[in-house]
Amino acid sequence: MHITLKDGSVKEYEQKKTVYEIAKDISEGLARIACAGEVNGEIVDLRTEITKDCTLNIITANDPQGLKVIRHTASHVMAEAVKRLFPEAKVAIGPAIEDGFYYDFDNQPFSREDLDRIEAEMKKIIKAGHEITRFTLPKAEAIQFMKDREEPYKVELIEDLPQGAQISFYDQGGFIDLCAGPHLMSVKGIKSFKLISSSMAYWRGDEHKAQLQRIYATAFQKKEDLNAYLEHLEDIKKRDHNKLGREMELFTTVDVIGQGLPLFTPKGTKMILKLQRWIEDLEDKEWGYVRTRTPLMAKSDLYKISGHWDHYKDGMFVLGDEEADKEVFALRPMTCPFQYYVYKNTQKSYRDLPYRMSETSTLFRAEESGEMHGLTRVRQFTITEGHLIIRPDQKEAELKSCLELAYYILSTLGLQEDVTYRLSKWDPNNRAKYLGDEAYWESAQDALRQVLMEKNLPFVEADGEAAFYGPKIDIQAKNVYGKEDTMVTIQLDCAIAENFDLYYIDEKGEKIRPYVIHRTSMGCYERTLAWLIEKYAGKFPTWLCPEQVRVLPISDKYTDYAQQVADELKKNGVDVTVDSRSEKIGFKIRAARLDKLPYMLVVGQQEEADHTVSVRSRFAGNEGVCTVDAFIGQICEEIRTKEIRMELPEDEKKK
């Protein structure tokens, strides 16, 4: 047989060979660092036998797939260590993930001390250096094998596999685990690893099933790579909005109020209001929208017309019982059906379109408790929601306009470089989920695809991510932990007008069905605030800061002048406070820095005499002395233009 290698060279063998044997034939050194093989484009175990002509690439730790194999093997070593230390623990699943691996156990919660003990036990296992072997069993024997080992979660996994399947197991010196592989040839291949944290997880992600304990960990081939990753995790902790936002007193949560129902403090509320006033003025005064205000709930009749009752009821908060009550209401999960009736309030002609409606909409969605996280996944949220009723010939121009508005907002916030674009399409294999036929979906998807291409925006396409009524452009971003969320969405809907009898009168006096664009301009205020906290690590652009300036009198004698400066700033719309505490000026400056304030104005005898301020900023340190009027002019211009002022490196700041 002929084996074509990555460099184009060909190896010939008369007998079957495993991937590992071929790697060893190429080079002993290559065999030592080999993690897996890629045969005809498919990642396989090193133990895989090759019996016919193929292309072969030996995967090492320098390849992402090789690192994944190392991490997968490390998860098995972690499971063995847990079983040694906690014999009553039951193992569930332990996959490699983007930045490491995890394993779920039916056990009591793990403390940090437990994780340290598990790490030490893993090092003993790796030092012993057992080879890893693979074997298979028929399904019935595999089930009995795991029953004998009293591993119920593994039994359930095997029972879900098809009849006739050969079930694979890996043995690393006596510890045997159900797994499809691939794995390293020996546990000695695990060089650098760290157990990061533990948390609760539901079996198979279902909150109605058993609560398990998940241990998160990571592994790298080189110690310096592990150290760099651990430093990255420390930076993540500093930026995590769920932690930092609470420390900065922007929001909080309370158990008796409920999960996913954040409380915004005065500081957080001020930030959201600044965003809201900006968005509303932008849409209404510059982008041609009219503003609506609609109810927070409606009868089930409305959602039945829109299709949400059939397609989305499980995600709604329903008030009442359909069998017992004459009228059943539900809190709204979206605003579109409400705004359709605003449109229908008066008859529209073709000259009235596009009719662009926008609303600062508070919405409610019955998210699973396991999905709740800070401000990114909540049960009540407020969104920059809008619906455009358009003529079919206006489709391209209005889709472009929606995309341009979203991009302008992201750019102003400094977030445009942090997003990716996704064309979310229907799943043709699940047609019952969607309105319309194949021709409708292909046409609508192509319209969105063309807009993205004309804007020269790189994008991916994803089946099954569309709304039930139409495809979407989703603008995606990742949080500090790498989890991706949709931040902005633009949806084309050519079908819903029929349900609501939406129409306009054309040039001939005939009733014509319009198209609808569902869109957000900035997205959800809560999720955007979380994004901004993590992006700027709490050091927001000046215009967004709830406290933009703090005046610091160097002693009590200058408190009156400090208040006079603050009053002048307030008259010009600047958010300012005075630190009148009887503390030394150095203490006040440090406190302002810890609060991540953009500007501090130090005032004393000379400043009072000259009606000046000594300006210190987080951007450049000591910026010198200037008149009060000059500083007001400078900061008001920075706020008006929404400038994102860059911070100088510490060694370049003036002390």
Side-chain angles (χ1 to χ4, degrees), residues 283 287-289 306-308 311-312 333-340 343 348 350 353-359 361 383-407 409 419-428 430-431 433-457 459-476 486-504 512-523:
E283 291 177 337
W287 289 77
Y289 284 80
S306 68
H308 289 107
H311 293 273
Y312 207 83
M334 61 284 296
T335 312
C336 43
F338 297 85
Q339 287 194 326
Y340 297 152
Y343 173 83
K348 306 293 190 299
Y350 69 97
L353 304 190
Y355 191 74
R356 307 183 188 99
M357 295 173 285
S358 187
E359 183 166 330
S361 304
I383 197 167
T384 60
E385 193 167 20
H387 296 88
L388 291 75
I389 313 298
I390 62 172
R391 303 191 308 263
D393 64 287
Q394 295 170 327
K395 172 181 64 180
E396 182 178 345
E398 290 303 311
L399 286 171
K400 284 182 182 178
S401 178
C402 290
L403 194 54
E404 287 166 358
L405 174 57
Y407 188 84
I409 289 170
V419 301
T420 56
Y421 296 84
R422 183 180 74 190
L423 174 56
S424 296
K425 305 188 296 183
W426 78 322
D427 180 1
N430 187 16
R431 296 191 178 195
K433 177 183 174 182
Y434 304 97
L435 301 178
D437 57 17
E438 184 172 353
Y440 161 74
W441 280 91
E442 290 302 325
S443 173
Q445 287 169 178
D446 187 58
L448 295 178
R449 187 182 293 112
Q450 289 300 317
V451 169
L452 286 164
M453 292 174 66
E454 287 183 25
K455 286 295 178 184
N456 200 30
L457 294 170
F459 64 95
V460 297
E461 301 192 9
D463 291 338
E465 294 292 338
F468 67 86
Y469 46 75
K472 305 182 288 178
I473 294 173
D474 285 326
I475 302 179
Q476 308 287 108
T486 299
M487 308 308 294
V488 178
T489 187
I490 300 166
Q491 307 171 15
L492 178 60
D493 183 348
C494 308
I496 203 69
E498 188 73 30
N499 295 35
F500 285 90
D501 190 28
L502 301 180
Y503 66 87
Y504 64 92
I512 305 295
R513 296 291 184 211
Y515 290 171
V516 177
I517 296 175
H518 310 243
R519 52 99 271 185
T520 57
S521 55
M522 185 189 69

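Note: R356 CZ to L405 CG = 10.5 Å, rounded to the nearest 0.5 Å. Note: M487 CE to T489 OG1 = 12.0 Å, rounded to the nearest 0.5 Å. If you take CG on D393 and CD on E398, they are separated by 10.0 Å, rounding to the nearest 0.5 Å.
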### Message
Working note: E465 + R422, criterion salt bridge (Lys or Arg N to Asp or Glu O under 4.0 Å); need CA distance, chi angles, decisive distance, verdict.
### Response
CA-CA 9 Å; E465 294 292 338; R422 183 180 74 190; 3.6 Å; yes

### Task
Using the salt bridge (Lys or Arg N to Asp or Glu O under 4.0 Å) rule, take D437 and R431 through it: C-alpha gap first, then chi angles, then the decisive distance, then the call.
CA-CA 8 Å; D437 57 17; R431 296 191 178 195; over 6 Å; no

### Verdict with reasoning, V451 to L457, per side chain to side chain contact (heavy atoms under 4.5 Å, CB included)
CA-CA 9 Å; V451 169; L457 294 170; over 6 Å; no

### I517/L399 under side chain to side chain contact (heavy atoms under 4.5 Å, CB included): CA gap, chis, key distance, verdict
CA-CA 8 Å; I517 296 175; L399 286 171; 3.7 Å; yes

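Side chains of T520 and E385: a donor-acceptor N/O pair is absent below 3.5 angstrom, by distance only.
At distances below 3.5 Å, not a single donor-acceptor pair connects side-chain atoms of D474 with backbone N or O atoms of Q476. Formation of a donor-acceptor pair under 3.5 Å by the Y343 side chain with backbone atoms of Y503 is found in this model. Between the side chain of R519 and the main chain of T384, a donor-acceptor pair closer than 3.5 Å is present.
By the 30° and 60° cut-offs, the orientation of the rings of W426 relative to W441 is parallel.
Using a 4.5 Å cut-off on side-chain heavy atoms (C-beta onward), Q394 and L353 make contact. Contact of the L492 side chain with the K395 side chain is registered, since non-hydrogen atoms from C-beta on lie closer than 4.5 Å. The side-chain heavy atoms of F468 and H308, taken from C-beta on, include a pair separated by under 4.5 Å. Side-chain contact between L435 and I496: present, with at least one pair of heavy atoms (C-beta onward) separated by less than 4.5 Å. Side-chain contact between Y421 and K455 is absent, with no heavy atoms from C-beta onward closer than 4.5 Å.
Between K400 and E404 no salt bridge is recorded (no basic side-chain N to carboxylate O distance below 4.0 Å).
Separation of the H311 and Y434 ring centroids does not fall under the 6.0 Å cut-off.
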